[in-house]
Amino acid sequence: MSNAIAFNKPHGWNKIIEQFKKTTPVLQSTPAKLKQRPRYQTSPMLHQSALAQARSAYRPKLPASLNEKSTAQPQASPDAVDEAIRAQFPQTYGQPAVTFAAGNAPVPTKPHRAGVILSGGPAPGGHNVIAGLFDALKKLNPASTVFGFRNGPDGLLKNDGIEIDSALLDAYRNTGGFDIIGSGRTKLESEADFLRALETAAARQLTALVVIGGDDSNSNASKLAEFAKSRGSALTVVGVPKTIDGDLKGAGIETSFGFDTACKVYSDLIGNIQRDALSARKYWHFIKLMGRSASHIALECALQTRPNITLVSEEVAAKKSTLGGIVAGIADTIAARAANGEKFGTVLIPEGLIEFVPEMGSLISELNETLAHHADAFNAIPALPEKRAFVAAKLQPAAAALYKSLPDDIANQLILDRDPHGNVQVARIDTQRLLIDLVEARLKEMKAAGAYKASFAPLPHYFGYEGRCAAPSNFDADYCYTLGFTAALLIRDGLTGTIASVRGLTRPASEWQAGGVPLARMMNIERRHGKMVPVIKKALVELDGAPFREFEKHRAAWAIETSYAFPGPIQYFGPAEVCDTTTATLRLETAAS
Ligand code: FBP
């Protein structure tokens, strides 16, 4: 067994780096700059509660077939071949998916130096992915090391990070958050980024890179793997499916980590609010839930808590619903409940709703265009009402009418809250307040027409950050540790361009099946910023899928009757049916498959 790491292939990294340094002066000075950087400080360990102390001793469960002796069994490849994707991923597309089966002999493994990145928004369990990776690599060869890049892909590009040792890691086992090394949203997507990444890998003598991220980060991990391989690099790039949004799934990925915990936290809060609504009997709670695009979180929380109304963005888009239609539907339910003496209720609103309402989508793209083309004139106008009037005058009549019908604060948000590319920041729009204002106006009209007699006392809420860094549920703690352990075996076997996959997740953890799926197989060609590019398709809520159909069966009754469920807080200690059961989404999808 050789400890040497081979970087000296004829077309290997050294050559790439030398070439790149010649053309990119900034890189030549990177090492000197790095020396001046202060040492990375980890979060101070503040007071640890009794629960946190007990939780740090939790030993995540692993599948019985998964340990350092497990061997990779290739799976049959699907018959259908996507030629367009294969052409873009000639090195990694044809690889088989693998499942790890129990083995009984140690597998000789060279010491690995694995880099790890946490990419995008935090999700509960990220620290356990690193713990699983670290523990497995050490079991495979105690001389292996794990290097964490700070603040996401940026750390890789800047060669900024720390070696993760067991003392550091032990303070983070089973905790929420990504703070062990931080996360970030820098994208690793251009050829220059990939060259820079390979330079860092060479400088750190990395044999592997683990990218813990969502659909975009894993798409880019796939491209980096392909790029590295096509240039003779031995770097093994492995992905891990992360996002509370639950929209990275398919092709052997049953769910992304973090979705389980985040939905349980939000459902606990919604249940508490519903108990309050039922007690005080006077408020309508409009609750926006995170999930940038897909409505999986809202749908899962609906299945857990049975609120009166849940909007599902994908259905809104499919039915081409208008804002007016959505508002009328909510107002009618409020009136019907009031007629039954129930002047209270709950409405769940997915964060991405606005973009899925076709007329709002058109308005937003017209606003983006207008603001881009008339930036100077717009910026020169001092007062907000005039700014709104200026913009409205430039819109097509339908978009202008919709824009003028919006409450002032939302109309202001649409023109002021813009991202670095100048686009409207749709996720920041207070949809819960927008709906409250519009519903209030509609109820006034209904009152005037004698169709509604009660009073309406609405309260807005937004749940997102409350759940993203929660201490992982047992499910996420176990799933993440298993994903990390699996990533280590994929590294051991040099399976670059694969994503760690764990299947059978509704069964006890001991029965889960771990393996890897080629990332290129999850790709499809999509238009992004005017160009056709290969990306992992975002998994939106399927209207013919089992979770939505289950919701559809009950929603009419939940709207009028009061059928609230109160799931309560996540339990970490107790019987498996209380502590380890995962989401309704996963259970329903699995039962239907
Ligand atoms: P990821 O897809 O990166 O996991 O992020 C999920 C998310 O929590 C979304 O639900 C939300 O829209 C977004 O992050 C908010 O992130 P930020 O605070 O960076 O705007």
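In this chain, residues are counted from 1 in sequence order. Both counts, for ligands and for their atoms, begin at 1 and track the order of listing.
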For this session: Quick one: sort the Tyr479 and Phe475 rings into parallel, tilted or perpendicular, breaks at 30° and 60°.
Result: tilted
Exercise. Short list, please: which atoms of ligand 1 are under 4.0 Å from a heavy atom of Gly121?
Worked result: 1 (P), 3 (O), 4 (O), 5 (O)
Exercise. Tell me, which protein residue and heavy-atom name are nearest atom 16 (O) of ligand 1, and how many Å apart are they?
Worked result: Arg185 NH2, 3.0 Å
Exercise. Relative to ligand 1, is Asp245 under 4.0 angstrom through side chain, backbone, both or neither, heavy atoms considered?
Worked result: side chain
For this session: Look only at interatomic distance and state if Gly120 has a nitrogen or oxygen under 3.5 Å from any nitrogen or oxygen of ligand 1.
Result: no
For this session: Could you label the plane-to-plane angle of the Phe463 and His461 rings as parallel, tilted or perpendicular, counting under 30° as parallel and over 60° as perpendicular?
Result: tilted
Problem set entry | Atoms in ligand 1 flagged as close to Lys242, the criterion being non-hydrogen separation under 4.0 Å | 1 (P), 3 (O), 4 (O)
Exercise. Can an N or O of Ser119 be found at a distance shorter than 3.5 Å from an N or O of ligand 1?
Worked result: no
Exercise. Among all protein non-hydrogen atoms, which one is nearest to atom 13 (C) of ligand 1, and what is the separation to 0.1 Å?
Worked result: Arg292 NH2, 3.3 Å
Exercise. Is it true that a side-chain atom of Asp476 and a backbone atom of Gly125 form a donor plus acceptor pair closer than 3.5 Å?
Worked result: no
Exercise. Would you say Glu542 has more than 12 foreign heavy atoms packed within less than 6.0 Å of its CD?
Worked result: no
Seminar exercise, completed: Closest to atom 11 (C) of ligand 1 among protein heavy atoms sits Glu351 OE1, 3.5 Å
For this session: Tell me, yes or no, whether the heavy-atom count around Lys387 atom NZ, taken from other residues, nucleotides or ligands under 6.0 Å, exceeds 12.
Result: yes
Exercise. Which protein heavy atom lies closest to atom 2 (O) of ligand 1, and at what distance to 0.1 Å?
Worked result: Thr243 OG1, 3.2 Å
Exercise. Parallel, tilted or perpendicular: which fits the ring planes of Phe178 and His127, with parallel below 30° and perpendicular above 60°?
Worked result: tilted
Exercise. Against heavy atoms of Ile244, which atoms of ligand 1 measure under 4.0 Å?
Worked result: 8 (O)
Exercise. Less than 3.5 Å between some nitrogen or oxygen of Gly291 and one of ligand 1, yes or no?
Worked result: yes
Exercise. Contact between Gly214 and ligand 1, counting heavy atoms under 4.0 Å?
Worked result: no
Exercise. Closest non-hydrogen protein atom to atom 18 (O) of ligand 1, residue and atom name please, with distance?
Worked result: Tyr465 OH, 2.6 Å
Exercise. With a distance cut-off below 6.0 Å to the six-membered ring centre and an angular limit of 45° from the axis, does Arg55 pair with Tyr58 as a cation-pi contact?
Worked result: yes
Exercise. Nearest protein heavy atom to atom 7 (C) of ligand 1, by residue and atom, and its distance?
Worked result: Arg468 NH1, 3.7 Å
Exercise. Do Trp512 and Tyr481 make the cut of ring centroids closer than 6.0 angstrom?
Worked result: no
Problem set entry | Rounded distance [0.5 Å steps], CG in Leu384 versus CG in Asn412 | 4.5 Å
